[in-house]
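Below is one structure, written out as structure tokens; the observations come after it.
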Amino acid sequence: MSINGWQSRTIGELLASSFPGDWGEEGNPEQGIPVLRSTNFEDDGSIDYSDMAFRSLAKGRLEKRRVGMGAILIEKAGGTSTRPAGRVVFCDREFNGTASNFVEIIHVKESYSPKFVFYRLYFNFHTGLVNKYQQQTTGIINFKFREYCSEVVELPNTKCEQSKIAEVLSTVERAIEQTEMLIAKQQRIKTGLMQDLLSHGIDDHGNVRSEQTHEFKDSPLGRIPVEWDVAPISKYGSRNWPSIRTGPFGSDLNTKHWVEYGVPVLTIGSLGEGEVLHSELLFVSDRTAEKLKGFRVVPGDIVFSRVADIGRSLVTQPDQDGWVISSNLMRISLDQSKARPAFLYRNIAFSSAVRAQLRTTSNYGGRDLVNGPILRALVFSWPGVGEQDRINHHLDSIEASIRRSIESLYKIQLLKIGLMQDLLTGRRRVTTLLPQPGVATA
């Protein structure tokens with residue numbers, strides 16, 4: 001071993017015990033034993049304890065196969081062409097149960113850190129080392145665990161250094177978990193705020209209206225502020241284009257229109273939630289696009305899915321000027337001095353009142369479909385443009401916060417990957433973090 005203070009061991013040499021789980025007999029949550037399955041395995045190495053099976057298992061058999069805190073579970077069957085068998089998770093709590101017979105339960109020797117060994121096995125899986133231990137029989141991909149135990153790994157000589165590496169990686173994982181929880185909280189706040197703002201609005205003083213403090217009126221969309229208008233899109237449509245336009249052709253990949261490079265065509269496949277999926281764009285020639293200029297978009301148009309996931313939409317950006325829409329999409333063009341595209345986009349995509357209208361009017365012949373007459377018949381609530389701007393500003397702010405949190409999460413995830421590559425291979429050491437001989441610690 002070239003790393004001073006590290007040793008080479010086979011995986012089997014690290015284990016105090018290794019045994020398969022036990023599926024037992026039919027049981028129930030009241031009297032059965034909780035049993036973990038591969039469906040409880042999370043990709044980050046944690047266990048989802050929320051959806052466990054409950055089985056009947058004799059006490060003696062349970063004692064031999066109990067999971068317990070610090071146990072490592074390895075999936076032995078159920079791999080796919082895109083995800084091999086051999087996934088690994090760590091039991092981080094007291095668990096009075098076992099795992100299924102398709103899961104190997106392992107306990108690490110006292111002289112080694114269980115969490116370090118887990119991270120080492122987790123690293124093996126995510127770097128593809130387990131791929132050579134896959135075996136496919138009768139359509140099921142199994143993991144050759146016994147052969148895997150002969151795989152040689154490197155680890156620090158001392159349990160103290162092993163534990164410190166595991167502690168560093170666990171700290172990063174907690175930061176990931178906390179950031180994921182923050183994002184989930186921000187998303188919940190956004191959802192609640194979205195519904196409040198799209199139905200109640202914000203007054204001139206920046207306060208969200210309520211019926212206790214502001215005057216409301218009845219409307220086809222429910223109770224709305226008395227200042228708001230209820231009208232179809234046509235009242236606020238563009239003076240230069242038809243307010244609503246359906247694309248000219250379908251998205252059949254064999255159509256004669258498509259070329260390798262040219263003017264992008266938005267299809268339902270390239271329409272993400274609020275964004276373009278650039279990898280899914282199709283193209284037509286400049287000549288074809290010129291013939292279809294009546295179906296091209298300008299910045300600020302709303303592109304709307306009229307089939308399948310009805311309501312999926314986006315607002316076109318300056319760099320999408322002149323793109324063409326296909327027949328499974330509709331283009332909505334507004335007079336932007338009267339109505340802000342972002343406000344209508346949010347109504348189409350998120351307003352429960354608008355969604356309710358779509359559900360009751362869009363089913364034709366057993367399938368969901370929106371056409372021009374249907375969309376023109378829909379009514380929307382329209383605050384003045386000043387209030388639309390205030391609503392958009394509030395929602396833009398929370399969406400920006402969510403984006404920052406997502407960017408932060410991505411950076412922490414990259415940090416975890418980098419630290420695993422460095423710390424688990426000895427490329428970087430944690431010796432400076434370890435207690436020094438002869439130095440008193442508080």
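Computed from a prediction, not measured in an experiment: that's the story for all the values here. All values below were derived from every heavy atom in this structure, side-chain atoms included, with hydrogens, water molecules and symmetry-related copies excluded.
The two residues Lys76 and Val103 come nearest to each other via the heavy atoms CE-C, 4.0 Å. Taking every heavy atom of both residues into account, Ile72 and Phe118 meet most closely at CD1-N, 3.6 Å. Ile47 approaches Leu73 most closely through the heavy-atom pair CD1-CD1, 4.1 Å. In this structure, Ala99 and Val35 approach most closely via the heavy-atom pair C-CG1, 3.4 Å. Smallest separation of non-hydrogen atoms from Val152 and Ser8: CG1-CB, 3.9 Å. Of all non-hydrogen atoms in Phe343 and Pro383, the two that sit nearest each other are CZ-CD, 3.3 Å.
Counting heavy-atom neighbours within 6.0 Å of Arg376 CZ, excluding the residue itself, gives a total above 12. Atom CD of Glu42 has more than 12 neighbouring heavy atoms from other residues, nucleotides or ligands inside a 6.0 Å radius. More than 12 heavy atoms of other shown residues, nucleotides or ligands fall within 6.0 angstrom of atom NZ in Lys109. Heavy-atom contacts from other residues, nucleotides or ligands closer than 6.0 Å to CD of Glu63 number more than 12. When the shell of 6.0 Å around CD of Glu177 is examined, it contains 12 or fewer heavy atoms from other residues, nucleotides or ligands.
By the 6.0 Å and 45° rule, Lys190 stacks over the aromatic ring of Phe350.
At least one donor-acceptor pair closer than 3.5 Å links the side chain of Gln320 to the backbone N or O of Gln317. Not one N or O on the side chain of Gln195 forms a donor-acceptor pair closer than 3.5 Å with the backbone of Thr191. Side-chain N or O atoms of Arg306 include one that pairs as donor or acceptor with a backbone N or O of Ser327 at under 3.5 Å. The closest donor-acceptor contact from the side chain of Thr127 to the backbone of Phe123 lies under 3.5 Å. Within the 3.5 Å criterion, the main-chain N or O of Ala85 finds a donor-acceptor partner in the side chain of Gln134. No side-chain donor-acceptor contact under 3.5 Å links Asn101 to the backbone of Gly21. For the pair Thr316 (side chain) and Gly300 (backbone), a donor-acceptor distance under 3.5 Å is present. A distance-only check finds a donor-acceptor pair linking the side chain of Arg390 to the backbone of Ile202 [under 3.5 Å]. Of the possible donor and acceptor atoms, one in the side chain of Thr98 sits under 3.5 Å from a partner among the backbone N and O of Arg65. A donor-acceptor distance shorter than 3.5 angstrom exists from the side chain of Arg55 to the backbone of Trp23, with no hydrogens or angles considered.
If you take CD on Gln7 and CG on Asn157, they are separated by 5.0 Å, rounding to the nearest 0.5 Å. Atom CG of Leu221 and atom OG of Ser351 lie 7.0 Å apart (nearest 0.5 Å). Atom CG of Leu314 is separated from atom CD of Glu273 by 9.0 Å, given to the nearest 0.5 angstrom. The NE2 atom of His126 lies 8.5 Å from the CG atom of Asp44; values are rounded to the nearest 0.5 Å. A distance of 11.5 Å separates CD1 in Ile183 from OG in Ser401, rounded to the nearest 0.5 Å. With rounding to the nearest 0.5 angstrom, the CD1 atom of Ile165 is 10.5 Å from the SG atom of Cys160.
The pair Arg346-Asp396 counts as a salt bridge, with a side-chain nitrogen and a carboxylate oxygen less than 4.0 angstrom apart. Electrostatic pairing of Asp92 and Lys115 does not count as a salt bridge here, judged by no charged N lying under 4.0 Å from a carboxylate O. Salt bridge Arg287/Glu290: absent, no basic N to carboxylate O contact under 4.0 Å. Classification of Arg146 and Glu104 as a salt-bridged pair holds, one side-chain N sitting under 4.0 Å from a carboxylate O. With respect to the salt-bridge test (charged N to carboxylate O, under 4.0 angstrom), the residues Lys159 and Glu110 qualify. Between Glu161 and Lys164 there is no salt bridge, since no side-chain nitrogen of the basic residue lies less than 4.0 Å from a carboxylate oxygen of the acidic one.
Using a 4.5 Å heavy-atom cutoff, the side chains of Val284 and Trp258 are in contact. Contact check for Val117 versus Ile106: no side-chain heavy atoms found under the 4.5 Å cut-off. Residues Thr39 and Asp51 fail the side-chain proximity criterion, which asks for heavy atoms closer than 4.5 Å. For the pair Gln413 and Leu409, the minimum side-chain heavy-atom distance is below 4.5 Å. Put simply, the side chain of Pro84 does not reach to within 4.5 Å of the side chain of Tyr133, judged on heavy atoms. Put simply, the side chain of Leu155 does not reach to within 4.5 Å of the side chain of Arg120, judged on heavy atoms. In this structure the side chain of Tyr148 reaches within 4.5 angstrom of the side chain of Leu129, judged on heavy atoms. Counting heavy atoms from C-beta outward, His278 and Leu281 have side chains that approach closer than 4.5 Å.
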Exercise for the section: Decide side-chain contact (heavy atoms from CB on, under 4.5 Å) for Leu36 and Phe41; before the verdict, give the C-alpha distance in whole Å, the side-chain angles of both, and the deciding distance to 0.1 Å. Expected result: CA-CA 8 Å; Leu36 297 169; Phe41 284 37; 5.5 Å; no

Exercise for the section: Start with the C-alpha distance between Val168 and Leu433, add both sets of side-chain angles, then the distance that settles side-chain contact (heavy atoms from CB on, under 4.5 Å), and finish with yes or no. Expected result: CA-CA 10 Å; Val168 171; Leu433 303 177; 4.1 Å; yes

Problem - Chi angles and distances behind the side-chain contact (heavy atoms from CB on, under 4.5 Å) call for Leu424, Leu169 - result: CA-CA 10 Å; Leu424 296 174; Leu169 294 175; 4.2 Å; yes

Handout entry: Candidate pair Met330 and Leu375, rule side-chain contact (heavy atoms from CB on, under 4.5 Å), full reasoning
Key = CA-CA 9 Å; Met330 305 183 82; Leu375 193 55; 4.0 Å; yes

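Between Tyr49 and Phe95, the ring planes lie tilted relative to each other; the angle falls in the 30° to 60° range. Ring geometry for His107 versus Phe19: interplanar angle of 30 to 60°, hence tilted.
Aromatic rings from Phe116 and Tyr112 are positioned such that their centres are separated by 6.0 Å or more.
Each of Lys416, Arg427, Arg429 was compared with Asp422 under the salt bridge (Lys or Arg N to Asp or Glu O under 4.0 Å) criterion, and only Arg427 meets it.
With no hydrogens or angles considered, a side-chain donor-acceptor pair links Glu173 and Tyr119 at under 3.5 Å.
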